[in-house]
Amino acid sequence: MNAQDILAMVINGLSSGLTLMLVALGLTLVFGILHIINLAHGELYMLGAYCVWWLSELMGFNYWFAIVLAMILIAFLGVLMERYLFRRFRAIMVPSLVVSIGLMLFLQSSILLGTGMGDKEIEPVFHGQVTFLGTSLSLGRVIIGAVATVLVIAVILFLKYARPGQAIRAVAQDAEASSLQGISMNSVSRLTMIIGSALAAAAGGLLGPVFHLDYMMGFPVLLKALLAIVLGGMGSVVGGVILGSLVIGLVHSFATTLIGPEIAEIILFLIIAFILLIRPSGFFGMELRT
Amino acid sequence: MKKFGLTLMVLAVSLALMTVVPFAMAKEKPVKYLKIGCNYGLTGVVAPACIASKRSLELEVERINKKGGIVVGGQRYHIKLLFEDNGYTSEGSVAAATKLIDRENVKFIFNIGTPGLAQTSVTEPAKVLSFLSSSADQALLNKKYSIRVYPLVQMNDIALLEYISKNIPEVKRVCLLFKNDSSGILNSQILPKLCAHYGMEFIGDELYSLTETDFYPLLARMLPRKPDLIVTDVGTGAALMAKQAIEKGYKGFFMGTTLGADIAWNKIGDKVPDGRFLGPVVDPGSKAAPREIREMTKRYEEKYGKGAPLDIAYLYHNYLMLVVQAVKKAGTVDDTDKIRDVMVKNTWDLPWGKTRFVGKEVWGVDGQGIMPVFVSAWIGSKKKIKLLKVIPAEDVYPTFLKLFGKK
Amino acid sequence: MLLHIKELTVHYEGAEALNNVTVEVEEGSVVTIIGANGAGKTTLLRAISGLEKPVSGEIWFKGDRIDGMLSEAIARKGIGHCPEGRRLFPFMTVLENLKMGAYSQKNRAGIEENIHNIYKRFPILKERARQKAGTLSGGEQQMLAIGRALMGRPILLLLDEPSLGLSPLMVNEIKNIVTTISKEMMVSILLIEQNSRMALSVADYGYVLETGRVRLQDKPESLMTNDHVRKAYLGEEL
Amino acid sequence: MNKNNRIKSLLLLVFTIIGFLFPVIRNDPYTLSLLLIIFVFIVAAVGFRLIYITGRLTIGQAAFMGVGAYTSALLSLNFGINPWLGLLIGGIAAGILALGIGYIVLRVGGVYFVIITLCLAEISKLFWLWWRPVTYGNSGLIDVPGFSIASFQFGINKIPYYYLSLIIMLVALFVMYRMERSRIGIALHALGQNDVLAEHLGINRTRYRVLAFTTASFFCGVVGSFYAHYIHFVHPDQFGVMPSIMIQIYGIAGGIGVFFGPIVGSFVVAGLTEFLKIAKEFQPLIYGPLLVIIMLFLPKGLIGLPQMFFKSSKK
């Protein structure tokens, strides 16, 4: 084990953590505002990937344009979901779990039956490798990491400085007090769903060419994103999620490389369970709602 | 009430489906039928393969029936497929098998995937022939009514390694990176022995989870050991792994040992240099594929459009043709003892090639059908699978027996 | 009449919290409601702000009926609510908290001017502007809560126990603030207090709420001389 | 005992009698095989509710079914332990594990507990997959022996298994019902209503929660072990997150506020799934939206349906 190997592990971990962040950020925003665990959030990621496939491979749009379009389309779907389903279950977690599972099954199945059984592929836009500090990475991943970082920073800035962004934070901290300030709960939750869905769609579209398209690709990502946000402090608006995702990526990378792939997943889950026990509000729980 | 607009719409769609689907299914008139049950996971993890198999089998049966069905012992039969969804669960598999046997009185049940193995607890006592497709080694163990006409992982490995040892002498160090399904487990058990047999060095195995997509950490573990050949499957996950291995600077060969989709190979795109990825597959639509499979692919694509199904789906044509030919030869459609006897004692001309039954030395029953192994390589620059060699089962089986027969 | 509550009945967690309560607030006046813990004072304010849905009765504000409206809409109509326990946004800075108070205001220059005014009135908030609200002391938090409520340029301000948990010095400060707001900023105030002496000393009119019903209502001077009030709320031995 | 309760017990008695007589009326192996799996899931779903009333929502109950199933199956395969004994040992293994885990995990509340139990389900599945020398990983354990009494082997038809699972279910339900109606039950409900208040009343929060968790998991282990010996096959996929979610759907869709909610839920949702099988691969397209619709119109679960009619007729 030399410095080179450790560096490789760090880079691998960061590269998967960065992409997880997009899904986790949306999930935590939705949880922070609506107080429901949207188990169908992974499906928005899946739909994003399929949407980009449909737009770029079948309709012939430019890849980046297809991603933007997919973000808009999936955000619209998110608005519908919020308007007709989640809004009624705001802060009622128990039935909302079943609702989101129903939604998940429906979306998965419609993609499977709607797009045919064969594998789908988004043609990669970037080819070639980048050698960074002696570790070889595909150019595609570097670009994805960069775009993901830009998107996350954009969201952070939006939440920090834009008035609607500040309203999201206010509602996450105290919904009732926010409504007393004249902040509309419904428009905030709609906005949150828009951001969350668009981010998930972007993640799907970005990762589509790197990984593969599969109608069940959402659930494993959802599980990891859930881990990332509990690690960061559930409902924490930005702070913890970023660190949480990166920690998940790093732990997975180190454990896989050092001990082995299957045991790495067990270790990952055990670590999360352990952290929750000693720090029940998440390791980096900073902006927890009161 | 406006709030319920969307939900009402969903309800309406669901109701429409609920009324249309049964109608679409109940159109045939009862003549004499040879019923074949299909205990499939139409929902759940293996749904794509099962649905594709369902569609292609339906097309085939439609064709046979149009030609007047088959004649068994002077009686004309139409074939009827009865699909039961097991949701890819064991209890679903048992329930579905029970339903097929007790309600429909079927004598043949096709099954895909490992949790489906649970059906043998129902089929064995009922003397119903159970056609399995799991690589699990225990699947056949002492099971009189279980039949597997499935390319054995061991046979594929032998054929491919033999080809590699003869044609690619630079391969010396072999490692296994495989998904942790039953084929992967089997591979991790047999590969060290096989490598020793072919004078190669086995340097380690790692099994990853089925949902894995990011292989960088795993490769960081394996590649420093400098393998020349990575043994894996030819599915989507493996293609992804291969692509990422090359991004990580791997320069050696890959060997897939199970069936998989040709499209999955496209994942590698132009990343893998031509001829570096070998596997026991054949592009079902290409000229290299057996004629029947090629025609089948054409018919499937005409009806359901591009995006060919996994070739595992086509595998079930082997089962269908086996049943059709065996009942004709046995002269009965319900004496399963006799049909099984006829089945395992003869050599059959099935869509994937000449098939005969073996296995007494390994599993105590002759339930395993062995067929030719297609050794192919991926020509990435043309996105094509090139058939290198077809190795008859007879050339591979002796080695198999020598290495893996009962001690 | 600025605010008119007519025969309001509200249930809270299944039990009756308010029963046929009628309260009126004149424009420019300070009205106080005193009562023991659990008398329904907070529920009344919550009902005005739309946080609780009444079972029966009506609430009129500036000639519009507001019961049944969403609380954010009521806030935008000009009712500022300084809730029980202050309910600041603890992880936002003082300045951000103030800006949230002006969420319904569209005029940027107006907001800036408002912040300026509030800083002038509460200099300590200016000092703490970049600090997270959760880290302020009790008195500072109360000032921020009032400041935030004033940011929305309310016509009517609902104050829920502003003196709770504060030192006697701070209570006096709050008293001054209430007077200044009503006199200088021309904001009507509905004040709820357990500190009845302080409340009655600043109010123009007072109500006594007991187990969800209005027991007494009168000018503060008369209430202060009422035997029941003296015994039960002013702690005087008779 | 008031009138309402008498009607309830009468109904229960009728259903129990129907349960016992069913195979006599209709000896259809397929229906029996469906019913006995529903019984298995009823036990898990009612256990899920028992934990829920203490204020903890779990999505990990299938993990304990897995512990029971694997323990019992491995013991009978490797050491020839009688499945009848295995039934008990499987339950105890799950119970002991729940006891240990519960003391640590139940201190965490709210959404964090949901996620921890989700982790638990996933860990258990990954563990069975990983421990290949013993569990054969993804190949599963094949030919797990079935039950027998003296020389009579269960399994020629489904009737013995049906009665066994019916009896297990009735015992489990009886125990959990009595528990809820006893003084312990009052404490459990108090915990669910108000944590802090319960503590003030002298209820040891963790101890009572662990009691509920262990009881529910014990029965999960027992039915898991029954499942293994009935199916004769154990596979990790049967005990991961998805089956846990199914248990939770049965509980919530039925109505988690009432003891009989999960029972109704298991029957109706499983029945619905079965009915929708005619749609073959299109089944999730209908099943998913149906779940959504049930929750939209009956947020309190199917058990709220009669109440809804009752209310509307009163108006």
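We name chains A, B, ... by the order of the sequence lines, and we start the count at 1 in each one. Atom set for the values below is all heavy atoms of this structure, side chains included, hydrogens, waters and symmetry mates excluded.
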Does any backbone or side-chain atom of [X] lie under 4.5 Å from a heavy atom of chain D? Answer side chain, backbone, both or neither.
| X | result |
| --- | --- |
| B/D102 | side chain |
| B/Y88 | both |
| B/A95 | both |
| B/K179 | neither |
| B/V45 | neither |

Within this structure, what is the [atom1]-[atom2] distance for the pair [X] and [Y], rounded to the nearest 0.5 Å?
| X | Y | atom1 | atom2 | result |
| --- | --- | --- | --- | --- |
| D/H232 | B/T120 | NE2 | OG1 | 9.0 Å |
| B/S121 | D/Y230 | OG | OH | 7.5 Å |
| B/F83 | D/E281 | CZ | CD | 9.0 Å |

Nearest heavy-atom neighbours spanning D/K280 and B/T43:
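Smallest heavy-atom distance, with atoms named: O-CG2, 4.4 Å.
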
For a quick test of reading the model, state the closest non-hydrogen atom pair linking D/S139 to B/T114 and the distance between them.
O-CG2, 3.6 Å

Using heavy-atom distances under 4.5 Å, tell me whether D/Y227 contacts chain B through its side chain, its backbone, both, or neither.
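Contact with chain B: side chain only.
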
What part of D/I231 gets within 4.5 angstrom of chain B, counting heavy atoms only: side chain, backbone, both, or neither?
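For D/I231, heavy atoms of backbone and side chain both lie under 4.5 Å from chain B.
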
Take B/E91 and D/F41 through the test side-chain contact (heavy atoms from CB on, under 4.5 Å) and record every step on the way to the result.
CA-CA 11 Å; B/E91 75 265 18; D/F41 279 102; 3.7 Å; yes

Sub-4.5 Å side-chain heavy-atom contact between D/I142 and B/L141
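D/I142 does not reach B/L141 side chain to side chain.
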
Looking only at heavy atoms and a cut-off of under 4.5 Å, which of D/L34, D/V144, D/D143 has the most pairs with chain B?
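Greatest number of close heavy-atom pairs with chain B: D/D143.
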
Among D/H235, D/Q238, D/K277, which residue forms the greatest number of heavy-atom pairs with chain B at distances under 4.5 Å?
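Sorted descending by pairs with chain B, the first entry is D/Q238.
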
Top contributor to chain D interface from [options] [non-hydrogen pairs under 4.5 Å]:
| options | answer |
| --- | --- |
| B/S182, B/A136, B/P115 | B/P115 |
| B/K143, B/Q138, B/E124 | B/Q138 |
| B/L210, B/L186, B/T89 | B/T89 |
| B/T98, B/V122, B/V94 | B/T98 |

